[in-house]
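To start, the structure itself, in structure tokens.
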Amino acid sequence: MRWPFLTALAAVLIVMDQYVKWLVETHLPFQQAIDVVPFFSLYRTWNQGIAFSMLWGLNDLALIAITLAITAFVVWLASRTPVDKTSARIGFALIVAGAIGNLIDRIVFGHVVDYILFHTQTWAFAVFNLADAFISVGAALIILQELLDWYRSRGSQGRPNPD
């Protein structure tokens with residue numbers, strides 16, 4: 001995957017994320033669960049920290065700086081990843097899109113808009129958003145690429161003759 005495609009992919013994902021967040025902010029009540037199916041609800045809330053509310057209590061400028069530093073590091077990693085590592089490069093684009101989507105919220109609102117809630121009657125996962133899902137899927141794609149590369153390298157080393 002070449003840079004123009006990855007940049008366009010990230011841009012489209014950022015626009016999708018921001019559009020969905022706009023819909024959530026303008027159409028969902030604040031901190032009231034709207035059940036979609038028994039284990040999934042829409043639940044509009046605001047995250048004052050970063051992933052899973054970690055670093056809650058840091059000021060916005062510090063959170064913005066951390067996000068920018070991590071995003072720059074991910075772009076640097078992507079730039080060092082060979083073009084033929086398609087899964088990894090798409091994964092990096094997803095991570096950057098998710099980070100920028102949440103960064104926009106932090107800069108504009110001073111918090112990140114979250115709205116996806118998976119739960120049972122006795123358990124609930126942290127509320128998250130589409131940008132967070134992009135980051136998670138992106139990380140999974142990078143790990144998948146590493147596992148595939150490792151598996152292929154094992155096969156190319158040859159196996160000992162059982163005789």
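Worth knowing before you read on, the calculation uses all heavy atoms, side chains too, and leaves out hydrogens, waters and symmetry mates.
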I64 backbone acceptor or donor facing R106 side chain under 3.5 Å: no
Quick check: is L130 connected to V113 through a chain of hydrophobic side chains (ILVMFWY, heavy atoms under 4.5 Å apart)? yes
In terms of hydrophobic clusters joined by side-chain contacts under 4.5 Å, are I66 and V112 together? no
Minimum heavy-atom distance between L144 and S87, given as atom pair plus value: CD2-OG, 4.5 Å
Start with the C-alpha distance between T45 and D114, add both sets of side-chain angles, then the distance that settles side-chain hydrogen bond (donor to acceptor under 3.5 Å, both in side chains), and finish with yes or no. CA-CA 5 Å; T45 192; D114 285 336; over 6 Å; no
Check: N47 and H111 side chains under 4.5 Å, non-hydrogen atoms: no
Would the number of heavy atoms belonging to other residues, nucleotides or ligands and lying under 6.0 Å from CZ of F118 be above 12? yes
What do you reckon, is CD of Q31 surrounded by more than 12 foreign heavy atoms closer than 6.0 Å? yes
Indicate the atoms forming the closest heavy-atom contact of A131 with D17, along with that distance. N-OD1, 3.2 Å
Side chain proximity check, W3 to R89, heavy atoms < 4.5 angstrom: yes
Quick one: pull up CD1 in I104 and OG1 in T67 and give me the separation to the nearest 0.5 Å. 12.0 Å
Honestly curious: do F5 and V137 fall in one hydrophobic cluster under the side-chain, below-4.5 Å linking rule? yes
Side chains of S41 and D35: does their closest heavy-atom pair fall under 4.5 Å? yes
Identify the two heavy atoms, one from P29 and one from I34, that lie closest to each other, and give their separation to 0.1 Å. CD-CD1, 3.7 Å
same_hphob_cluster(L61, L63) at 4.5 Å side-chain heavy-atom cutoff: no
Please test F40 against I116 for side-chain contact (heavy atoms from CB on, under 4.5 Å), starting from the C-alpha separation and ending with a verdict. CA-CA 8 Å; F40 171 68; I116 299 170; 3.5 Å; yes
Look only at the side chain of S153 and the backbone of W150, and say whether a donor-acceptor pair between them is shorter than 3.5 Å. yes
Could you go step by step and tell me if V37 and F39 meet the side-chain contact (heavy atoms from CB on, under 4.5 Å) rule? CA-CA 6 Å; V37 293; F39 59 87; 3.7 Å; yes
With side chains defined as the heavy atoms from C-beta onward, is the minimum distance between L6 and F92 less than 4.5 Å? no
Give a yes or no on whether a salt bridge exists between K85 and D149, defined as a side-chain N under 4.0 angstrom from a carboxylate O. yes
Between atom CD1 of I90 and atom CD of Q145, what is the distance when rounded to the nearest 0.5 Å? 9.5 Å
Is it the case that the side chain of S79 and the backbone of W76 share a donor-acceptor pair, with hydrogens and angles ignored and the cut-off at 3.5 Å? yes
Could you check whether any side-chain heavy atom of V36 comes within less than 4.5 Å of a side-chain heavy atom of L42, counting everything from C-beta outward? yes
List the steps and the verdict of side-chain contact (heavy atoms from CB on, under 4.5 Å) for I142 and L77. CA-CA 11 Å; I142 294 165; L77 287 174; over 6 Å; no
Examine I143 and V74 and state if one hydrophobic cluster contains both, with Ile, Leu, Val, Met, Phe, Trp and Tyr joined whenever side-chain heavy atoms are less than 4.5 Å apart. no
Taking the side chain as C-beta and beyond, is there a heavy-atom pair between I95 and F134 under 4.5 Å? no
Parallel under 30°, tilted from 30 to 60°, perpendicular over 60°: which one fits the rings of W22 and Y19? parallel
Please examine the side chains of L68 and L103, heavy atoms only from C-beta on, and report whether any two atoms are closer than 4.5 Å. yes
Between L28 and R44 the two heavy atoms that sit nearest each other are O-NH1, 2.6 Å
Only residue of W46, Y115, Y43 satisfying ring pair (Phe, Tyr, Trp, His ring centres under 6.0 Å) with F30 is W46
Nearest heavy-atom neighbours spanning I14 and G101: CG1-N, 4.5 Å
Are the side chains of K21 and N129 in touch, meaning some heavy atoms are under 4.5 Å apart? yes
Ignoring hydrogens, what is the shortest heavy-atom contact between A93 and L9? Give both atom names and the distance. CB-CD2, 4.1 Å
